[in-house]
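Here the structure comes first, spelled out in structure tokens, and everything after it is commentary.
We count residues from 1, following the sequence as given. Quick note: numbers below take in every heavy atom, side chains included, and nothing from hydrogens, waters or symmetry partners. This structure is a prediction, so every number in the text was calculated from the model and none was measured.
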Amino acid sequence: MSDIFTVSRRGLLAAGAKTFALTAAVGIAPQIIRPGRAFAADALAPGMVGGPTGFDGAERYQYGPQTPEGRAIEAAKALKAAGKAPERIVLGLSDGSIGQLTQPFPAGAPSIKDLWEKEAGIKLDIVGVPNGQEFTKTMQDISTKGGAFDIYAVEWNRLGDLAETAGIIKLDEYVAAHKPEWDDPERGYVNGAKGVSLLNQYRGSTYGVSLDGDFQTWNYRTDLFNDEAEKKAFADKYGYALAPPRTWKEHSDIAAFFHRPDKGLFGSTDLRNQGWGYTNWYQRFVSMGSPNQFLFGDDGKPLINSDAGYLATQEYVDSLSHHSPDAISWGWPEQYGNFAGGGAAMTCAFSNLPKFLDNKANEGSKVTGKIGSMLSPGREVDGKLVSRSVLWLNLSACVSAQSKNPEACYLLLQWLGSSRIYSWMTANPGGYFDPFQLANFSDPLVRQTYHDYHMDVVRETVARTVPTINYPGATAFHNALDENLMAALTKSKTPEQAMADTERQWQRIARRTGEEKLLEAIKTNKQAWPTVLDPLAG
């Protein structure tokens with residue numbers, strides 16, 4: 001994420017609450033998740049060695065000794081018994097996510113934090129970090145050798161920068177010893193080993209454990225798309241049926257059709273502001289090739305100063321015509337507030353938009369029961385549809401090189417990030433950690449919180465998602481792209497100038513970072529890019 005993104009996530013949340021009761025949605029969501037009959041305390045199912053109790057369905061999140069969660073707990077207990085475990089682990093965590101570890105969910109359940117402490121016998125101190133400042137706080141702790149945290153939680157694409165500082169440790173030996181099974185074909189990450197490489201690894205080694213699912217996902221208004229008069233008017237004007245757009249051309253047509261600012265309706269509100277908007281440029285650019293239009297060639301040369309780069313940027317600029325006049329200053333609070341008020345036909349957002357806005361308990365939302373989900377629009381390339389989304393923000397947890405008990409820290413992360421505990425955690429409406437594992441998408445509590453119609457689309461979106469840059473220098477690369485895209489949006493540069501200037505800046509960053517090191521990271525990163533293609537029809 002760009003350093004120019006100076007508004008914290010918490011600040012944005014607060015700002016959004018002024019125009020829409022989003023924070024209320026977070027708080028009231030638990031009320032609409034109806035807990036079932038409470039189990040007796042400590043009623044673990046036969047053969048289970050741990051997990052939550054006290055609510056109907058708790059057995060789904062319990063684990064036996066031969067599960068990743070069970071191995072982690074048993075190993076933590078063994079460290080404790082041998083006098084090799086710490087009294088406490090200090091976890092630095094975005095303050096918008098803490099509730100998912102500290103608030104019991106559903107009624108009758110313990111909290112995640114309480115369950116870990118009870119089972120492992122190791123205290124967990126969670127220190128809130130202002131949202132948006134995770135990387136800054138982590139670098140401060142590393143550079144000053146402050147030792148304030150045992151575990152950092154940072155944006156996923158910071159792992160490369162942190163690994164190069166030697167401020168976090170390589171986790172390979174612990175992965176080999178405790179077998180987390182993140183690539184389990186039924187419960188693990190989407191895309192198996194590729195997904196693990198994408199989220200947890202840098203240059204082929206594990207440095208982090210993903211605790212989030214910020215895969216950018218598209219939503220639309222079903223009341224508009226299903227309206228018979230709108231369907232007829234659209235078909236009469238464009239010559240094809242109104243439906244969620246499968247291509248960027250269809251997206252442009254539909255956005256133009258519904259763009260009625262005089263009636264308080266914008267065609268599409270996928271973000272265009274500095275620090276957030278470039279993720280939507282990504283989706284247009286990377287769908288230019290099959291299976292992907294890459295940002296860099298295998299020789300490390302930037303590929304953006306090209307016809308693909310010019311066209312994606314021109315589309316990005318032209319699409320302002322169906323946005324708010326203030327689009328280049330909108331962050332997600334404005335986006336969510338507008339969508340909740342019925343102010344847009346389509347938008348692309350974090351996957352929690354339906355969780356908060358399609359919510360009967362959220363009296364401020366006018367779109368409850370009126371939201372649908374769709375894949376990212378794409379392009380026809382070589383007879384197939386290339387639909388691509390992008391991973392952006394997404395927190396990964398990593399172990400500080402200053403921690404005196406790195407194995408115990410890793411065991412906590414394996415436990416938190418394994419599918420049974422993570423499903424239970426992400427279903428909890430008390431924070432931002434979103435579903436991304438196969439087990440999450442089929443979990444009844446998660447589907448209740450996020451909605452059935454949305455979970456299936458999110459799963460397919462994850463399978464079509466490209467990573468943002470996660471090499472050393474990621475911040476500088478994204479800053480350069482972001483600043484030049486803003487220049488194009490404000491017409492101070494043509495798309496061609498913007499891409500040429502971005503290329504020059506990327507070349508300078510590459511030389512400064514070390515071209516050989518960068519080349520290896522680029523090749524490794526490419527292994528995590530999707531290969532899914534779709535038929536043109538259907």
Side-chain angles (χ1 to χ4, degrees), residues 1-2 4-5 216 218 245 247-256 259 266-290 292-297 300-331 346-348 376-381 386-390 392 466-469 473-510 522 529:
M1 186 174 57
S2 169
I4 55 178
F5 167 47
Q216 300 298 296
W218 283 81
T247 68
W248 287 112
K249 174 63 169 61
E250 292 177 0
H251 174 271
S252 179
D253 290 346
I254 295 168
H259 190 62
F266 301 125
S268 184
T269 55
D270 43 309
L271 293 176
R272 291 291 179 273
N273 66 330
Q274 200 162 10
W276 302 74
Y278 68 83
T279 61
N280 292 303
W281 175 90
Y282 255 90
Q283 296 183 46
R284 292 174 180 272
F285 177 76
V286 300
S287 60
M288 290 279 184
S290 180
N292 304 287
Q293 171 61 58
F294 292 107
L295 298 168
F296 295 88
K301 183 180 185 302
L303 300 176
I304 54 172
N305 188 17
S306 62
D307 288 344
Y310 309 151
L311 179 56
T313 307
Q314 187 64 59
E315 285 183 0
Y316 187 72
V317 173
D318 292 345
S319 65
L320 278 178
S321 64
H322 52 244
H323 279 68
S324 163
D326 300 322
I328 61 173
S329 66
W330 273 25
M346 299 178 286
T347 200
C348 183
S376 173
R379 302 180 195 279
E380 178 183 350
V381 183
V386 182
S387 167
R388 294 289 179 263
S389 186
V390 65
W392 185 73
V466 307
T468 45
I469 293 172
T475 301
F477 282 116
H478 281 139
N479 280 351
L481 172 63
D482 203 10
E483 289 167 2
N484 282 296
L485 287 175
M486 287 301 295
L489 287 173
T490 58
K491 306 292 180 66
S492 61
K493 291 183 181 180
T494 66
E496 290 79 6
Q497 291 171 328
M499 292 296 98
D501 288 349
T502 303
E503 179 189 48
R504 278 193 290 274
Q505 291 173 257
W506 280 11
Q507 288 170 335
R508 285 199 293 269
I509 295 165
I522 289 170
W529 285 53

Might you work through the side chain to side chain donor-acceptor pair (under 3.5 Å) test for Q314 and D318, ending with a clear yes or no?
CA-CA 6 Å; Q314 187 64 59; D318 292 345; 2.9 Å; yes
May I have the step-by-step check of side chain to side chain contact (heavy atoms under 4.5 Å, CB included) for H323 and H259, ending in yes or no?
CA-CA 8 Å; H323 279 68; H259 190 62; 5.9 Å; no
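Within the 4.5 Å cutoff, the side chain of S306 has no heavy atoms near those of the M288 side chain. Between Y282 and I469 there is a side-chain heavy-atom pair separated by less than 4.5 Å. For the pair P302 and Q507, the minimum side-chain heavy-atom distance is below 4.5 Å. By the 4.5 Å heavy-atom criterion applied to side chains, T468 and V390 are counted as neighbours. Contact annotation: the side chain of W248 approaches that of Q283 to within less than 4.5 Å [non-hydrogen atoms, C-beta and beyond]. Between L311 and F285, the closest side-chain pair of non-hydrogen atoms is not below 4.5 Å. Taking 4.5 Å as the limit, every side-chain heavy atom of L481 sits out of range of all side-chain heavy atoms of Q505. Looking only at side-chain heavy atoms (C-beta outward), M486 and R272 stay at 4.5 Å or farther from each other.
Between the side chain of S252 and the backbone N or O of K249 there is no donor-acceptor pair closer than 3.5 Å. When atom types are taken as modelled, the side chain of S287 and the backbone of S387 share no donor-acceptor pair closer than 3.5 angstrom. In this structure a side-chain-to-backbone donor-acceptor pair under 3.5 Å is present from S492 to A487. A side-chain donor-acceptor contact under 3.5 Å links S389 to the backbone of Q216.
Note: K301 NZ to E503 CD = 4.5 Å, rounded to the nearest 0.5 Å. Atom CH2 of W330 sits about 13.0 Å away from atom CD1 of I328, to the nearest 0.5 Å. Taking CZ of F477 as the start and CG of L295 as the end, the distance is 10.0 Å to the nearest 0.5 Å. To the nearest 0.5 Å, atom CH2 of residue W218 and atom CE of residue M346 are 6.5 Å apart. To the nearest 0.5 angstrom, T279 atom OG1 is 9.5 Å from H478 atom NE2. Considering OH of Y278 and CG of L271, their distance stands at 12.5 Å, rounded to 0.5 Å.
Classified by interplanar angle (parallel below 30°, tilted 30° to 60°, perpendicular above 60°), the ring pair W276/W392 is tilted. Taking the six-membered ring where tryptophan is involved, the planes of H251 and H322 are perpendicular, since the angle between them exceeds 60° and thus also 30°.
For the pair S319 and Y316, the tightest heavy-atom approach, listed with the atom from each and the gap, is OG-O, 2.7 Å. Between G300 and I522, the shortest heavy-atom contact is CA-CD1, 4.1 Å. Across V381 and S290, no two heavy atoms sit closer than the pair CG1-CB, 3.6 Å. Closest non-hydrogen pair, A480 versus T502, comes out as O-OG1, 4.0 Å.
Exactly one of V286, D482, V317, L485 qualifies for a side chain to side chain contact (heavy atoms under 4.5 Å, CB included) with W281. That residue is L485.
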